[in-house]
Amino acid sequence: MTTLFKSSDRVIFWNLNRKAIQRMLDYDYICRREKPSVAVIVHPSSDTEIMPFFFGSTEVIIPVRKSIKAALELCSDVSVLLNFASFRTAFDVCKEALQFSQIKTMMVTAEGIPERFSRQLMCEAKAKKVSVIGPSTVGAITPGALKTGNIGGTSIHIARTQLHRPGSVGLVTRSGGLFNESCHFIYQNADGIAEGVAIGGDRYPGSSFLEHLLRFETNPNVSFSVLLGEVGGQEEYRVIDAIKQGKLTKPIVAWCIGTVAESFDNAVQFGHAGAKANVALESANEKNKALKAAGCLVPETFNDLPRLIAEAHTRFSSVRRSVEADVPDMPLDYDEANKQGKIRKKSNFICTISDDRGEEATYAGVPISDVATPDTKYSIGDVISLLWFKERFPSWSTDFIETVIKLVADHGPAVSGAHNAKVTARAGKDVISSLVTGLLTIGPRFGGAIDGAAKYFKYGREQEMSPSDFVRYMKQQSLPIPGIGHRIKSLLNPDKRVEVLKTYAKSVFPQTELLDYALLVEQETTKKKENLILNVDGCVGVLFVDMFRSLSKSDEEIDHLIEAGLLNAFFVLGRSIGIIGHVLDEKRLGMPMYRHPQQDILYQK
């Protein structure tokens, strides 16, 4: 195999690493591939069969499957497996992939795979003539054809080092970071790489320096190679033997990282699992001496490596550095462009009550941690005032809000909201579904009288109607007075909830003008019938108007709040507590499916 990848090669990407996949697709776009290199994603725990990505500025769909077998059945043109599984799973994934003859190359990113597994994998892969890059690798690249995973870095780095078009230098390293750095100074001092591989930092990588250098030897596009080894292991000596045997004849610029290790008293373990000299032969200095003695071009220090590459390019490459190949403009992802201030887009929503962009979300500018616990002295009423009105109300008003919520929380199992919720719960539905069926009954005949009472009593008082004139006005409009009347309660049997609200308001509200007006209307309506009293909905409605006026809200602001359904929202909030209680009661009792009794239905033909 002369080159590791062709421009027609496509891959299976095992695991969902969105950033690495998108970088591959960006590289495909820069290289002007006709089809994305990632054919299918394998993600065993995925609950979706497709995943959107970008190919340039166009969104494309990549299929997702739960196994390699299913992926290969879907995509017959796949020949490469990119194994991004964890070190616990990576070996099993490779074993599975080796069952399929389609797979010719595997890349394994996981670090720390047990060495016995790595050695077993190498033996089985070689027997089936499958190339393995890794473990502990960032991958390999054939410029202009295919790059695997994150190798080569970002699109900006790829463009700056012209990795989207082939040069004439073969590059093989252990380190992924040094690979990217090497690409930079190879482009700066030569014409770029023809192919590059980071074999990985584990002690027993799936492929060796020698294997890739032998391939570079047969690749007519490679003029010379750059080998970056490191302290530890003896892979470099296999290269030296091949040079002595005449198997490698093309020039090699070589350097082993880790010469600083000899400055320490004891052997030092560097970043890679294999980067430790167990014997003197494995030290970086000894390797560099041996490589130089074998005829490789070895610099005195790493800093001198770029100069040596420039000399090698002048001496051995017939290709002179050409004009930089055109790089198509790479569209920026929205988030990145927005971060750089390159996007001006109209917002779809505006939020003025909370903000979740910082380290901690806020309620009307107040961090959640400042309101959450009892020691902060913020009540539920305070949170409601922050999120509903963007200010913290005084305690008398937030106490009133909480009083209302407690008073309207429940009115027994027979009212429509509780009834619907109980029937739904007994049908086996969840809490949310059951709650919603109860809430959907709230309206003009159930709970909605709060808004109506506030609206009409406020209107009557503003028009300076006397209580009797107001009653006549509502009659002329053919409208029942919202908030007046009760099925059971009357003057002789008053509603204790209303009494509690009146007593509280008279003691703490700065003024109760509309409540006083409503009570005068009550005197008129009860002349006709004793149960035409100011009920809890009416009392709540008029007191909210009094509360807002005491908080210096204008009549226009109050009208807007009423029209928006705000007062009804307090009923919804409070009644949700009771409805959830009824739903949980049904669940706790394990009640069966409800069927309405036939004798309670009038059947009529």
Side-chain angles (χ1 to χ4, degrees), residues 381 384-385 389 393-408 411 447-474 479-486 489-563 565-571 574:
I384 293 171
S385 70
F389 307 103
F393 287 167
S395 60
W396 64 263
S397 59
T398 55
D399 287 345
F400 170 67
I401 289 172
E402 292 188 6
T403 300
V404 170
I405 290 172
K406 289 185 282 188
L407 286 174
V408 304
H411 199 181
I450 298 176
D451 282 323
K455 175 181 178 180
Y456 286 106
F457 279 115
K458 180 175 182 292
Y459 177 77
R461 185 69 185 85
E462 288 173 346
Q463 299 303 311
E464 297 184 350
M465 296 181 188
S466 67
S468 57
D469 288 341
F470 177 70
V471 173
R472 280 194 296 273
Y473 168 78
M474 295 299 289
L479 294 172
I481 303 175
I484 291 291
H486 198 284
K489 301 298 181 180
S490 65
L491 285 176
L492 300 177
N493 179 27
D495 189 334
K496 289 186 178 181
R497 296 176 300 173
V498 174
E499 298 303 308
V500 165
L501 287 172
K502 290 192 296 185
T503 301
Y504 177 79
K506 288 292 184 179
S507 64
V508 301
F509 273 39
Q511 60 85 21
T512 56
E513 180 184 357
L514 198 60
L515 173 63
D516 296 339
Y517 180 73
L519 292 175
L520 291 174
V521 172
E522 179 189 54
Q523 292 178 14
E524 290 294 320
T525 55
T526 52
K527 289 177 182 178
K528 181 179 180 181
K529 206 171 184 180
E530 286 191 348
N531 69 334
L532 293 179
I533 58 172
L534 181 67
N535 60 35
V536 69
D537 288 355
C539 190
V540 167
V542 296
L543 281 177
F544 267 118
V545 175
D546 284 333
M547 183 189 83
F548 289 132
R549 282 178 170 165
S550 299
L551 293 170
S552 301
K553 302 291 182 184
S554 68
D555 283 334
E556 290 75 14
E557 289 178 288
I558 297 172
D559 288 340
H560 177 75
L561 293 174
I562 294 171
E563 290 301 320
L566 169 73
L567 307 188
N568 207 26
F570 283 108
F571 183 82

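Hydrogens, waters and symmetry mates play no part in the numbers below; they use all other heavy atoms, side chains included. Given the structure is predicted, the values throughout are model-derived calculations rather than measurements.
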Q) What do the steps show when you test Y459 against F470 for ring-ring contact (aromatic ring centres under 6.0 Å, His included), and what is the final call? A) CA-CA 9 Å; Y459 177 77; F470 177 70; 8.4 Å; no

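In this structure, OG1 on T403 lies 12.0 Å from CH2 on W396, to the nearest 0.5 angstrom. In this structure, CZ on R472 lies 6.0 Å from OG on S466, to the nearest 0.5 angstrom. Summarising the geometry, atom CD belonging to E462 is positioned 10.5 Å from atom OH belonging to Y517; distances are rounded to the nearest 0.5 Å.
Ring centroid separation for the pair F400 and F393 does not come in under the 6.0 Å cut-off.
Put simply, the side chain of I484 reaches to within 4.5 Å of the side chain of L534, judged on heavy atoms. Residues Y456 and L479 are in side-chain contact: their nearest non-hydrogen atoms beyond the backbone lie under 4.5 Å apart. Side-chain contact between I384 and I405 is present, with heavy atoms from C-beta onward closer than 4.5 Å. Taking 4.5 Å as the limit, every side-chain heavy atom of V508 sits out of range of all side-chain heavy atoms of D399. Looking at heavy atoms from C-beta onward, L551 lies in side-chain contact with P394 at the 4.5 angstrom threshold.
Without hydrogens or angle criteria, D546 side chain to F509 main chain gives no donor-acceptor distance under 3.5 Å. A side-chain donor-acceptor contact under 3.5 Å links D451 to the backbone of N568.
Ring planes of F544 and F570: parallel class, angle under 30° (limits at 30 and 60°).
Screening L515, D537, V521, I450 for a side-chain contact (heavy atoms from CB on, under 4.5 Å) with V542, the sole residue that qualifies is L515.
The number of heavy atoms from other shown groups lying within 6.0 Å of CD (Q463) is above 12.
A salt bridge is absent between K455 and D559: the closest approach of a Lys/Arg side-chain nitrogen to an acidic carboxylate oxygen does not fall below 4.0 angstrom. The residues E563 and K458 are annotated as not salt-bridged, no charged nitrogen and carboxylate oxygen being separated by less than 4.0 angstrom.
Residue pairs satisfying the salt bridge (charged side-chain N to carboxylate O under 4.0 Å, His left out) criterion with at least one member in residues 501-519, sequence neighbours excluded, are listed as follows: R461-E513, E499-K502, K506-D516.
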